[in-house]
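To keep things clear, I will list the structure first and then write my remarks on it.
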Amino acid sequence: MKVKLTGSDALIVVDMQKDFMPGGALPVPEGDSIIPTVNRYIEAFEKRGLPVFFTRDWHPENHISFKGYGGVWPPHCVQNTEGAQFHDDLRIPLDNKFVISKGTSPDFDAYSGFQGTALESLLRERGIKRIFVCGVATDYCVKNTVLGGLNLGFHTFVLLDGIKGVDVKPGDSQRAIEEMLSKGAVALTVGDITS
Ligand code: VGL
Ligand code: ZN
């Protein structure tokens, strides 16, 4: 499906942080393989002056999602550590970009970029009606951000060539994609964005 970008569109880049990349604390297999494509999406929005939102996991070191604190994950994306930084190759626009930190208090986790953040109000105050979502992990934070956007009434596109999953159970990412599409998300790839 071809889509022409308009002034009410925003890009959401989910959790492209070092800990989620190969060599990190909670790596998404081949998570870095999507960076060139994610950068193409970022460039497409940047060129048109459209906003780009970067979510990041930003946990305290005693976070509830960590093993030893009641959770299932190894410690990852601890605030102000190198692992919480965005990947060095990720394109970050100089203007009209926003960093959305989530999972910032010890006792709450957030897989959705909308949960406990200002993301919705930042989108609404800019008149954004359609969101385009890429990043990691397909089966956790991408899925929940897409479903969150749909629930809030945003037209939500999932950028299939700009997402990667962890697949704790084989097939998790594919099932996540099917769930997003069945709930109203629209699938796109980078060639679908036209001028
Ligand atoms: C994520 C597991 C734990 C994600 C965050 O960004 O998808 N997954 N924390
Ligand atoms: Zn996390």
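Order of appearance sets the numbers: ligands from 1, and atoms from 1 within every ligand.
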Tell me whether the rings of Phe132 and Phe157 are parallel (<30°), tilted (30 to 60°) or perpendicular (>60°).
parallel
Is Val136 touching ligand 1 with its side chain, its backbone, both, or neither, if touching means heavy atoms under 4.0 Å apart?
backbone
His155 atom NE2, neighbour heavy-atom count above 12 within 6.0 Å
no
Where the Zn ion (ligand 2) is the vertex, angle from Asp57 OD2 to His76 NE2 to 10°
100°
Would His76 count as a polar contact of ligand 1, with the cut-off being nitrogen or oxygen pairs under 3.5 Å?
yes
Look at the aromatic rings of His63 and His59 and report parallel, tilted or perpendicular, splitting at 30° and 60°.
parallel
Go through ligand 1 atom by atom and flag the ones less than 4.0 Å from a non-hydrogen atom of Cys141.
1 (C), 4 (C), 5 (C), 6 (O), 7 (O)
Would you mind checking which non-hydrogen protein atom is closest to atom 5 (C) of ligand 1, with the distance to 0.1 Å?
Asp57 OD2, 3.0 Å
Does even one non-hydrogen atom of Gln17 get within less than 4.0 Å of ligand 1?
no
By number and element, which atoms of ligand 1 are closer than 4.0 Å to a non-hydrogen atom of Asp15?
4 (C), 6 (O)
What heavy-atom pair brings Met180 and Leu147 nearest, and what distance separates the two atoms?
CA-CD2, 4.1 Å
Electrostatic pair Lys164:Asp32 at N-O distance under 4.0 angstrom
no
Just need the protein heavy atom nearest to atom 8 (N) of ligand 1, so name the residue and atom and give the distance.
Tyr140 CB, 3.8 Å
Which label fits Phe98 and Phe53: parallel for a plane angle under 30°, tilted from 30 to 60°, or perpendicular past 60°?
parallel
According to a hydrophobic-cluster definition based on side-chain heavy atoms being under 4.5 Å apart (Ile, Leu, Val, Met, Phe, Trp, Tyr only), do Val38 and Phe86 belong together?
yes
Taking only heavy atoms of Phe20, which atoms of ligand 1 are found under 4.0 Å from at least one of them?
1 (C), 4 (C), 5 (C), 6 (O), 9 (N)
Could you tell me whether the Zn ion (ligand 2) has an N, O or S atom of His59 under 2.8 Å away?
yes
